[in-house]
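Accompanying notes for the structure given below.
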Amino acid sequence: MRTLVLEGIIKAPLTEAPPKADKAALAEIASKVDAAAKKRLGRSLSIREVDAGSCNGCELEIHALNNAFYDLERFGFRFVASPRHADVLMVTGPVTTNMREALERTYAATPDPKWVVAVGDCAVDAGIFAGSYAVVGGVSSVIPVDLHIRGCPPSPMQLLQGLLALIEK
Amino acid sequence: MTAIGDLTRQGQIVAAHRPWPRAVVTPAVWQAMTEALADGHLTLLGLWAEGKSVHAAVHAIDAGDLAVLSLDCPDGKFPSVGKAHAPAIRLERTARDVHGLEPIGAVDNRPWLDHGQWKRPQDKGRPATQYQFLPAEGESLHEIPVGPVHAGIIEPGHFRFTANGETVVRLEERLGYVHKGIEGLMAGTPLDRAARLAGRVSGDSTVAYSFAIARAVEAALALDVPPRAQLLRGLMAELERLANHFGDIGAICNDASFVMIHAHCGVLREGTLRLAERCFGHRLMMDRIVPGGVATDLPPDANDEIKTFVANARKRFKQLVGLYDKTASLQDRTVRTGILSPALARKFGAGGYVGRASGRGFDTRCALPYAPYDALRLDVPVLNAGDVDARIWIRIREVEQSLSLVEQILARLEPGAILTAAEDQQASGEGMALVEGFRGDILVWLRIEAGIVAHCHLRDPSWFQWPLLEAVIEGNIVADFPLCNKSFNCSYSGHDL
């Protein structure tokens, strides 16, 4: 353990330089989010992740945001365990019929003001799963969405660019 | 004597099915199969419905034989296998939910994947019913409902704990929340779309699923895969295994609040995904394996990069393993926690590290070898303790094996073609494949009619691991559930399909 700790102190950090906020995401956010709400939430946001039917690919990349390379917390973002503590719901997957109610209840349990970020191609319009008897559709067919981050799955860098748009002016 | 040969001989062999035989059998033979499963002579690899028939894939491990037995049920009913052989219970409940086939004599008649929300024509006007959890009775018991939305960044599912103080008396799982109707979407699609769907059954095993459906298609259509493509498939499969093992070993330690190993394993996982991106253009390598070969070749300087990665990963991982081995507070949480008995592992045919940590040394790469593994050296680690610690050690040994496999594959790579195009776009056939994903054996079975997928069944290893998690947690404290759960790391999406 001593070696690992020492190396951690001596060696340069692995953390990547922060990327620029995604332009498309900035535009989408600007059109939807009320300036007053933004001011109240400031630059520190708590995120509750909800898998509403994804294949788990998006979750893997969202997880990666916490690793030493992306270190999401340096930007003021934090994943929390309950929607009651959250400012942002990060929702993945085509919403399945079996997850619809759970997603609606999670949204209702999140205090205002709140933002919803739909992550992944499936979250936009159900993607490759569209048309199934067990799928409702994209996230916006169940709850209002403020920001879409596309990709199958989006890379951690793309996720970071999208999230940064939330706290940029 | 092989029990399987006796069973298939009494049925009608389907000529178009490859590489293992498929026989349409009578109810009497189906019953004999059920008894052989219950006696432990056969292992159930899968049980699924298709229209008005039900299929069971069975394996006689000692003899190395494998076959699919099919039973026509024109009246929509078939004799339950689950009544004598518990591993079939949830599969039969699914056959009824999705295809409406009734298992006669079944012990559990509750729906499984169907939560009463689907939008099929036959679902219209059906009254919603409350799911009945199994009762637990006794003094001072309390229930803890968890999910479907969990505290971490994970998939949804519901766990109903009944506890006596801190001790879990019963855990009952309720799954099906991420059922997307993938088999329904597969029916009637061209092969390329079917392969893309298979690659999204379980994102962490996208390579393994793409590999499995590709091999099933190639079996059905008798397609040859170029040697270079076979090796590249092996390379992708091992990178995927490494990424998952690195991530999960760290995550298990994190669930015991030992963050340091988690942080360093996260770095190793990220390194693996970045290498995958450099080599194949996608961090999870989605859609890179296609029927007939692979879609992308390595960039010219990839060999050196992979070699550097292997050397570095081996060195760093060794340090972490040393740390795990020497940290008593961590071992205190993992040793003798969540014990799975070898008997249960064998009965359920538990694949992957779950089975191998409980004395079941089955690994598709060795037991039913396929290219490129048939030409590579591979040791299958087996332990008998069956606890969280044993499952971690199996994964540690598998990391070492995978790193060695990557080196062996690099040494064998020769320039050449990476894709064989099907000559006949209108070909038909039936194929089955088993591929070792990081979690265990993935089974894909499909029928192709005139170049279109008529039916495709994908069976995740989790089907035979989820029920065991219920057994494993019994008598443990509630706080150890995350450890037990993560040491299994069953797939929700792969199971719910």
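So that the names make sense, note that chain A is the first sequence line, chain B the second, and so on, each numbered from 1.
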Region of [X] in contact with chain B, defined by heavy-atom distances below 4.5 Å:
| X | value |
| --- | --- |
| Cys58(A) | neither |
| Ala130(A) | backbone |
| Thr106(A) | side chain |
| Arg48(A) | side chain |
| Phe79(A) | side chain |

Gap separating the [atom1] atom of [X] from the [atom2] atom of [Y], nearest 0.5 angstrom:
| X | Y | atom1 | atom2 | answer |
| --- | --- | --- | --- | --- |
| Ile154(B) | His63(A) | CD1 | NE2 | 7.5 Å |
| Asp51(A) | Glu155(B) | CG | CD | 5.5 Å |
| Ser155(A) | Arg274(B) | OG | CZ | 9.5 Å |
| Ser132(A) | Trp118(B) | OG | CH2 | 9.0 Å |
| Leu65(A) | Ile153(B) | CG | CD1 | 7.5 Å |
| Thr96(A) | Lys180(B) | OG1 | NZ | 7.5 Å |

Taking the side chain as every heavy atom from C-beta outward, state whether [X] and [Y] have any pair of such atoms under 4.5 Å apart.
| X | Y | answer |
| --- | --- | --- |
| Glu7(A) | Gln319(B) | yes |
| Leu4(A) | His264(B) | yes |
| Thr97(A) | His115(B) | no |
| Ser54(A) | Val178(B) | no |
| His282(B) | Cys152(A) | no |

Side chain, backbone, both or neither of [X] within contact of chain A (heavy atoms, under 4.5 Å):
| X | answer |
| --- | --- |
| Leu197(B) | both |
| Arg200(B) | both |
| Val149(B) | side chain |
| His262(B) | neither |
| Ile261(B) | neither |
| Arg316(B) | side chain |
| Leu323(B) | side chain |

| No-hydrogen, no-angle side-chain donor-acceptor test under 3.5 Å, Asn98(A) and Gln117(B) | no
| message | Please evaluate residues Asn56(A) and Tyr492(B) with respect to the criterion side-chain contact (heavy atoms from CB on, under 4.5 Å), reporting the C-alpha separation (whole Å), side-chain torsions for both, the decisive distance (0.1 Å), and the verdict. | response | CA-CA 8 Å; Asn56(A) 197 27; Tyr492(B) 298 73; over 6 Å; no
Just wondering, are more than 12 heavy atoms of other shown residues or ligands nearer than 6.0 Å to [atom1] in [X]?
| X | atom1 | value |
| --- | --- | --- |
| Arg126(B) | CZ | yes |
| Arg84(A) | CZ | no |
| Arg150(A) | CZ | no |
| Lys318(B) | NZ | no |
| Glu101(A) | CD | no |

| request: Answer yes or no: is there an ion pair linking Glu61(A) with Arg269(B), defined by an N-O contact shorter than 4.0 Å? | output: no
| field | Closest non-hydrogen atom pair, Leu185(B) against Gly131(A) | value | CD2-C, 4.4 Å
| Ala64(A) and Arg283(B): which non-hydrogen atoms are nearest, and at how many Å? | CB-NH2, 4.1 Å
| In terms of ring plane angle, is the pair His179(B) and Tyr133(A) parallel, tilted or perpendicular, where the classes change at 30° and 60°? | tilted
| note | Looking only at Glu59(A), Met99(A), Met90(A), the option with the highest number of non-hydrogen pairs under 4.5 Å against chain B is Met99(A)
| request: Carefully, step by step, assess Met260(B) and Val5(A) under the rule side-chain contact (heavy atoms from CB on, under 4.5 Å). | output: CA-CA 9 Å; Met260(B) 191 176 199; Val5(A) 171; 3.4 Å; yes
